[in-house]
Protein chains: 2
Amino acid sequence: MARARTDSDPRVRILDVAAQVFASSGFAGARIDDIAERARVNKAMLYYHVGDKQALYAAVLLQTIDHALARIDAALAAARSAEERLRVIVSTVAAAAQENPNFAPLMLRELASGGQSIPDQVVRRMARLFRTVAEILADGERAGRFRNVDPVMTHMSIMGSIIVLTAGAPIRRRIRDVVGGPRASFVDRSAADIAAHFSDLILEGLQKRVPAPARRRTRTK
Amino acid sequence: MARARTDSDPRVRILDVAAQVFASSGFAGARIDDIAERARVNKAMLYYHVGDKQALYAAVLLQTIDHALARIDAALAAARSAEERLRVIVSTVAAAAQENPNFAPLMLRELASGGQSIPDQVVRRMARLFRTVAEILADGERAGRFRNVDPVMTHMSIMGSIIVLTAGAPIRRRIRDVVGGPRASFVDRSAADIAAHFSDLILEGLQKRVPAPARRRTRTK
DNA sequence: GTCTATATACCGATAGAC
DNA sequence: GTCTATCGGTATATAGAC
């Protein structure tokens with residue numbers, strides 16, 4: 001025991017491959033035979049080590065979100081102001097999503113099925129992330145930097161945008177082929193791009209601002 | 001012919017039920033037997049009228065996005081300024097998503113699978129919506145009302161947030177049960193709520209503005 | 001712990017009677 | 001146009017030898 005959990009560990013390979021297959025085919029579309037073959041283990045061994053399909057899926061979800069949250073925690077340790085902390089969250093989630101291509105699809109599929117098969121362990125981790133963001137928003141508001149916004153709406157807007165932006169690359173590519181020529185920078189977005197543009201957008205949107213010397217008319221409605 | 005396409009039309013019932021089943025179970029998880037039974041048609045009749053599973057799925061996607069786009073077009077006809085037009089898009093998409101509970105899950109699942117099975121017809125409609133939003137952003141920038149932002153990022157941020165916000169209700173409910181008590185207004189969000197909060201956020205984020213004078217320090221914790 | 005072989009069930013699609 | 005019956009393929013899961 002205390003064996004290094006490297007690629008030589010069958011369970012590590014299985015979870016790795018399973019994450020990939022579940023992400024691209026969904027739970028119902030994933031094939032145990034496929035996962036076993038690609039992980040170079042016998043199918044019976046897969047059942048022996050991880051259990052049935054549901055258990056495998058739950059393990060994949062837990063591992064995926066844990067990895068992302070660990071990154072966020074580490075990055076958040078150094079951040080101070082509310083603006084900075086929010087920016088760190090956006091850039092770290094974007095980086096984690098880009099680094100692990102399975103993250104966004106897995107979350108999107110769970111979102112689509114109403115999160116019925118999300119284990120409680122995973123829900124607790126999601127709740128922790130929400131609490132963190134809510135605290136940041138409250139801090140920023142107390143400091144007079146942020147407007148008063150609904151934390152739930154804001155948190156889901158942030159996470160939703162990052163995840164959709166990350167997972168949207170293939171569809172953007174198809175849309176570009178229809179919209180027309182090789183429009184510059186239409187498709188390929190690095191995590192840094194996504195983080196920069198989006199945290200700008202959201203931070204501008206949150207910031208308390210002087211009603212702008214009412215040029216002429218501000219609102220239309 | 002020229003028969004009214006009401007519930008008495010088997011094809012209408014089939015597409016209706018299929019949208020629901022594909023939305024909640026995904027393509028691989030959907031069962032033809034299930035769809036046929038719930039649409040009260042014989043399975044062989046389903047194949048006779050709509051074709052195989054892929055054709056049925058494509059028809060569902062097309063019908064779903066067409067219905068949403070028709071609403072947007074109608075609502076957009078009356079809007080003038082860039083701000084107003086963007087607000088109309090946000091509120092109409094939110095309303096359409098809330099009204100048709102299959103819309104968000106179907107889009108999320110396609111997003112997760114990279115849109116491989118989206119028919120070209122549907123891609124063209126998505127491209128048209130993108131073009132509309134891009135024009136609004138360009139108009140607003142020309143009028144000195146919006147900052148210069150990337151239209152692709154912005155469009156996907158907007159659509160992603162609305163869709164995630166709409167589809168996120170069940171997961172919010174699960175998170176609430178973990179985060180704690182019946183926090184007011186944590187879960188149930190009307191389309192109007194979503195549209196109002198989010199279009200505020202995005203419009204503030206886009207607006208050209210004078211920054212607020214920094215108060216003091218930022219941190220409480 | 002590892003693999004082969006198989007139980008068991010289901011699902012998409014169609015043939016063919018009426 | 002409508003239905004029954006069924007083919008053929010494939011999926012998860014396990015039994016049992018080694």
Side-chain angles (χ1 to χ4, degrees), chain A residues 1-61 106 109-110 113 116-119, chain B residues 1-62 106 109-110 112-113 116-119:
Chain A
M1 76 192 206
R3 162 88 169 288
R5 302 181 89 249
T6 62
D7 282 357
S8 62
D9 186 337
R11 198 190 142 92
V12 173
R13 284 206 312 276
I14 293 171
L15 286 186
D16 234 42
V17 170
Q20 199 177 324
V21 174
F22 282 133
S24 65
S25 307
F27 180 81
R31 300 291 160 233
I32 294 287
D33 294 271
D34 184 30
I35 294 172
E37 186 183 3
R38 289 164 64 174
R40 305 193 315 272
V41 298
N42 188 280
K43 184 168 53 162
M45 282 312 296
L46 188 151
Y47 281 94
Y48 179 81
H49 281 297
V50 255
D52 66 5
K53 200 179 180 182
Q54 280 289 348
L56 175 59
Y57 183 70
V60 163
L61 271 193
L106 288 172
R109 289 185 195 281
E110 274 309 319
S113 23
Q116 294 172 329
S117 51
I118 302 183
Chain B
M1 86 196 210
R3 163 87 168 286
R5 305 182 88 249
T6 61
D7 281 358
S8 63
D9 186 338
R11 197 190 143 91
V12 173
R13 283 205 315 273
I14 292 171
L15 285 186
D16 234 42
V17 170
Q20 198 176 324
V21 174
F22 283 132
S24 66
S25 307
F27 180 81
R31 299 295 159 230
I32 295 286
D33 294 271
D34 184 31
I35 294 172
E37 186 183 5
R38 288 164 64 174
R40 304 193 314 274
V41 297
N42 188 280
K43 184 167 55 158
M45 283 311 296
L46 188 152
Y47 282 93
Y48 178 83
H49 281 298
V50 262
D52 65 5
K53 200 180 181 182
Q54 279 288 349
L56 175 59
Y57 183 70
V60 164
L61 271 193
L62 190 61
L106 287 172
R109 289 186 195 280
E110 275 309 320
S113 18
Q116 294 172 330
S117 49
I118 302 184

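These figures come from a predicted structure and were not determined experimentally. When reading the values below, keep in mind they use all heavy atoms of this one structure, side chains included, and skip hydrogens, waters and symmetry mates. Residue numbers start from 1 in every chain, and the chains themselves are labelled A, B, ... in the order their sequence lines are given, proteins ahead of strands.
Considering only the side chain of Lys53(A), dA13(D) comes nearest among dT4(D), dA13(D), dG1(C). Comparing dT4(C), dT4(D), dT2(D) by their nearest atom to the side chain of Met45(B) picks out dT2(D). Distances from the side chain of Tyr48(A) to the nucleotides dG1(C), dA15(C), dC3(C) place dG1(C) closest.
Atom-to-atom, CZ of Arg11(B) to P of dG1(D) comes out at 12 Å; the value is rounded to the nearest Å. Tyr47(B) places its OH atom 8 Å from the C1' atom of dC11(C), with the value rounded to the nearest Å. The interatomic distance linking Ile32(B) (CD1) with dA13(C) (C1') rounds to 9 Å, in whole Å. The NZ-P distance, from Lys43(A) to dG1(C), rounds to 21 Å in whole Å. In this structure, the CZ atom of Arg31(B) is 5 Å from the P atom of dC11(C), given to the nearest Å. Across the protein-nucleic acid pair, His49(B) atom NE2 and dA13(C) atom P stand 17 Å apart, rounded to whole Å. Rounded to a whole Å, the CG atom of Asp33(A) is 15 Å from the P atom of dA5(C). Rounded to whole Å, the distance from CG on Leu46(A) to P on dA13(D) is 10 Å.
Residue Ala30(B) is in sugar-phosphate contact alone, with no base atom involved, counting any heavy-atom pair closer than 4.0 Å across all strands shown. Residue-level contact check: Asp52(B) touches the backbone only, with heavy atoms under 4.0 Å from sugar-phosphate atoms and none from bases.
Arg109(B) places no side-chain N or O within 3.5 Å of a backbone atom of Gly26(A) that could act as its donor or acceptor partner. Between the side chain of Lys43(A) and the backbone N or O of Ile35(A) there is no donor-acceptor pair closer than 3.5 Å.
Between the side chains of Ser117(A) and Gln54(A), no donor N or O sits under 3.5 Å from an acceptor N or O.
Salt-bridge check for Asp34(B) with Arg38(B): passed, with a basic side-chain N closer than 4.0 Å to an acidic carboxylate O.
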